[in-house]
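As structure tokens, the structure follows; a few thoughts come after it.
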Amino acid sequence: MSHPEIVSREQWRAAREELLRKEEAVRRVREVLGAERRRLPMVEVDPEYVFEGGDGKATLLDLFEGRTQLVVHHFMFAPEWETGCSCCAAFLDQVGHLAHLRARNTSFAVVSRAPFTRILPFKARMGWAVPWYSSAPGDDGDRDRGSGRDFNRDFEATVESGGELVERPGLSCFLRDRDRVFHTYSVYDDGLDGLGTTTALLDLTALGRSPAGSEGLRLHDEYDY
């Protein structure tokens with residue numbers, strides 16, 4: 001890879017101002033897209049998916065932890081794998097302290113198809129404290145422990161290709177109205193580029209950044225939520 005051209009400070013400033021105009025145009029387009037994303041219709045999630053987590057069985061409603069919104073990271077970790085996907089791990093490394101999301105009434109959880117007995121040691125090895133759940137079948141052989149539905153396939157984090165099941169990384173956003181859960185948005189594969197920060201994750205949700213901008217930001221140990 002060649003190095004950038006060497007120029008004077010004045011030439012650099014002129015080139016930077018030209019690029020800045022283009023960056024501002026992209027930012028305005030991104031704001032318009034964000035508004036359109038928040039206006040997307042939503043669909044009610046009927047099946048009562050059941051996951052396995054640190055406290056035992058949990059429903060999709062439980063993953064909200066009482067908050068209004070939920071962002072799920074579809075982490076590629078197939079049942080037969082010894083460790084999780086390195087690309088998904090790099091993404092999860094970028095997710096900041098969850099206090100900033102939780103203060104905005106939004107929970108974050110990771111879901112994988114691997115059994116929880118494999119997730120737990122890998123999670124400890126990586127030093128992550130985020131809630132992580134398994135959507136693997138229970139001992140009774142029923143998918144998603146009696147729900148009869150496959151969470152990863154229903155939300156297209158696992159797809160069939162050439163007669164085989166293929167994992168794909170993704171994020172899915174959900175909104176809760178009392179005990180009713182709605183799916184509002186999902187993004188997969190290269191669509192995850194540039195995501196991972198608190199503001200980027202909130203921009204995917206139906207309620208967006210609330211409170212607006214950075215006005216409500218605090219040190220992560222100073223929130224009262």
Ion pair check, [X] and [Y], cut-off under 4.0 Å:
X: R27; Y: E23; answer: no
X: E80; Y: R113; answer: no
X: E52; Y: K57; answer: no

Would you say the rings of F75 and Y133 are close, in the sense that their centroids are separated by under 6.0 Å?
no

Who else is in the cluster with L33 when I, L, V, M, F, W and Y are joined by side-chain contacts under 4.5 Å?
V29

Please assess H74 against Y188 for the test side chain to side chain donor-acceptor pair (under 3.5 Å), listing each intermediate value before the final yes or no.
CA-CA 9 Å; H74 300 289; Y188 307 95; 5.2 Å; no

Partner of Y49 under side-chain hydrogen bond (donor to acceptor under 3.5 Å, both in side chains), chosen from D150, N152, T59, D154:
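Among the candidates, only D154 passes.
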
Nearest non-hydrogen partners of T184 and M42, listed with the distance
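Where T184 meets M42 most closely, the heavy atoms are CG2-CB, 3.9 Å.
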
Validation: residues 158-166 side-chain donor-acceptor distances under 3.5 Å, sequence neighbours left out:
from: E160; atom 1: OE1; to: R153; atom 2: NH2; distance (Å): 3.4

Counting only N and O atoms by type, is there a donor-acceptor contact under 3.5 Å from the side chain of H183 to the main-chain atoms of Y185?
yes

So, taking the atom named CG in L201 and the one named CD in Q69, what distance separates them when rounded to the nearest 0.5 Å?
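L201 CG to Q69 CD: 11.0 Å, rounded to 0.5 Å.
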
What class does the angle between the rings of H73 and F91 fall in, given that below 30° is parallel, 30 to 60° is tilted and above 60° is perpendicular?
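Answer is tilted, since the angle falls between 30° and 60°.
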
For L20, look at atom CG and say whether over 12 heavy atoms of other residues, nucleotides or ligands are found less than 6.0 Å away.
yes

